[in-house]
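Below is one structure, written out as C-alpha cells; the observations come after it.
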Amino acid sequence: MKVIDTIKELKSLLGECRAAGKSIGLVPTMGALHAGHASLVERAVKENDVVVVSVFVNPTQFNDKNDLEKYPRTLEADCALLEKVGAAVAFAPSVQEMYPVEDTRQFSFAPLDTVMEGACRPGHFNGVAQIVSKLFYAVEPDRAYFGEKDFQQLAIIREMVRQLSLPLEIVGCPIVRESDGLAMSSRNTLLSADERERALTISSALFASVDFAKVNTLEATKAFVEDIINDTTGLELEYYKIVDGDTLQEIKEWSDSDYAVGCIALFCGNVRLIDNIKYKGGE
Ligand code: PAF
C-alpha cells in the first residue's frame, strides 16, 4: 500500500491506473479507523480494481474547535489496518494541501441540511461538502463508499453529486455495531468505561423501539425512545426524530412515509454520539 500526501502524486498514480482500464473506489474517512471503516474498504475492494482511502480530519466541518482538537488521530494504526484489508492507497494530506486557500464555497442542500445535524451543527454539512467534493475532484472515483451511521450525511452527499453532476456512484453501507450493539464510531475511543456502558442504552432503546413501533403510534414510539434516554444518567438527548428516509423531514404518522428512519443525537458525558434505526422501507 502506498501512503500519499499530495494531490499531484495521487493524480499521477491514479492516472496510470485509469489508463490501464482499472476502476477506482474511494472511501473518505477522518481516520481513527475501526471495523466499520474496514467493512467499507472491504466492500470497495470487492467492487473496484484500486481502492483509495483518504485519512483527513477536515477542519471546516467542525463547528466546535474543542471537538476538532480532541478528535483522535492514529495514522500509523490506520495504515496498518488499511494494508490488511487491501487498500491500494492511503491518502493522508495536510490541511495546507487540501485548503491552500480558504474554501469560501457555500452549498445549499435545503431542506436536507436544515434539520437534525444541520440544525445542531451550523456549517457542518457545508464543510463536509467542501472536503468531499475536493476528494472527488482529486480521486475521480468510479464509486465512493459512506456508512449509513451518518444517515443525513449520506443523503446530502447523494444530493451534492446530483447538484454537481459528478460521474460517480455513491454506495451506502450498513451500520457496523459492536457485539453489544453500540454503533461503531471513532468517537467511542473517547468514552470512559462508565460512559461506554451508558452509551449502550442508545442502541438498546432503538432496537426495543422497533418492536414497540409494531403496535404503537409514531408519537408514542418517539416518546418511548426519548424517555429511555432522558431517564439514563449521563446521557443528554439532543434530538430524536423519526423522518422520511429520502427527504429527512419529520413524519407524524407511520402512514406518512414508506421509508421511516429514527435518527438520534446525544451527549454521553462530553462525547457527542449519533445513531439511527430503520422502522420501515429503505431495503
Ligand atoms: O464521515 C466522515 O468521516 C467525514 O464526514 C467525511 C465524509 C470523511 C468527510 O470529512
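For ligands, and for the atoms within them, numbers begin at 1 and follow the listed sequence.
Under a 4.0 Å N-O distance rule, the pair Lys11/Glu140 qualifies as a salt bridge.
Among the atoms of Gln61, some N or O lies under 3.5 angstrom from an N or O of ligand 1. Taking only nitrogen or oxygen atoms, main chain and side chain alike, Gln153 reaches within less than 3.5 Å of ligand 1.
Nearest heavy atom pair, residue Cys268 against residue Leu273, reads CB-CD1, 4.0 Å.
Near Ile131, meaning under 4.0 Å from one of its heavy atoms, ligand 1 places the atoms 9 (C), 10 (O). Listed by atom number, the atoms of ligand 1 under 4.0 Å from Met30 heavy atoms are 3 (O), 4 (C), 8 (C), 10 (O). Residue Pro28 has at least one heavy-atom neighbour below 4.0 Å for each of these atoms of ligand 1: 8 (C).
Residue contacts with ligand 1, taken as heavy atom pairs separated by less than 4.0 Å, involve Thr29 solely via the backbone atoms N, CA, C and O.
Looking at Tyr240 and Ile229, their side chains never come closer than 4.5 Å, going by heavy atoms from C-beta outward. Leu154 has its side chain within reach of Glu148: a pair of non-hydrogen atoms, C-beta onward, lies under 4.5 Å apart.
Classified by interplanar angle (parallel below 30°, tilted 30° to 60°, perpendicular above 60°), the ring pair Phe109/Phe107 is parallel.
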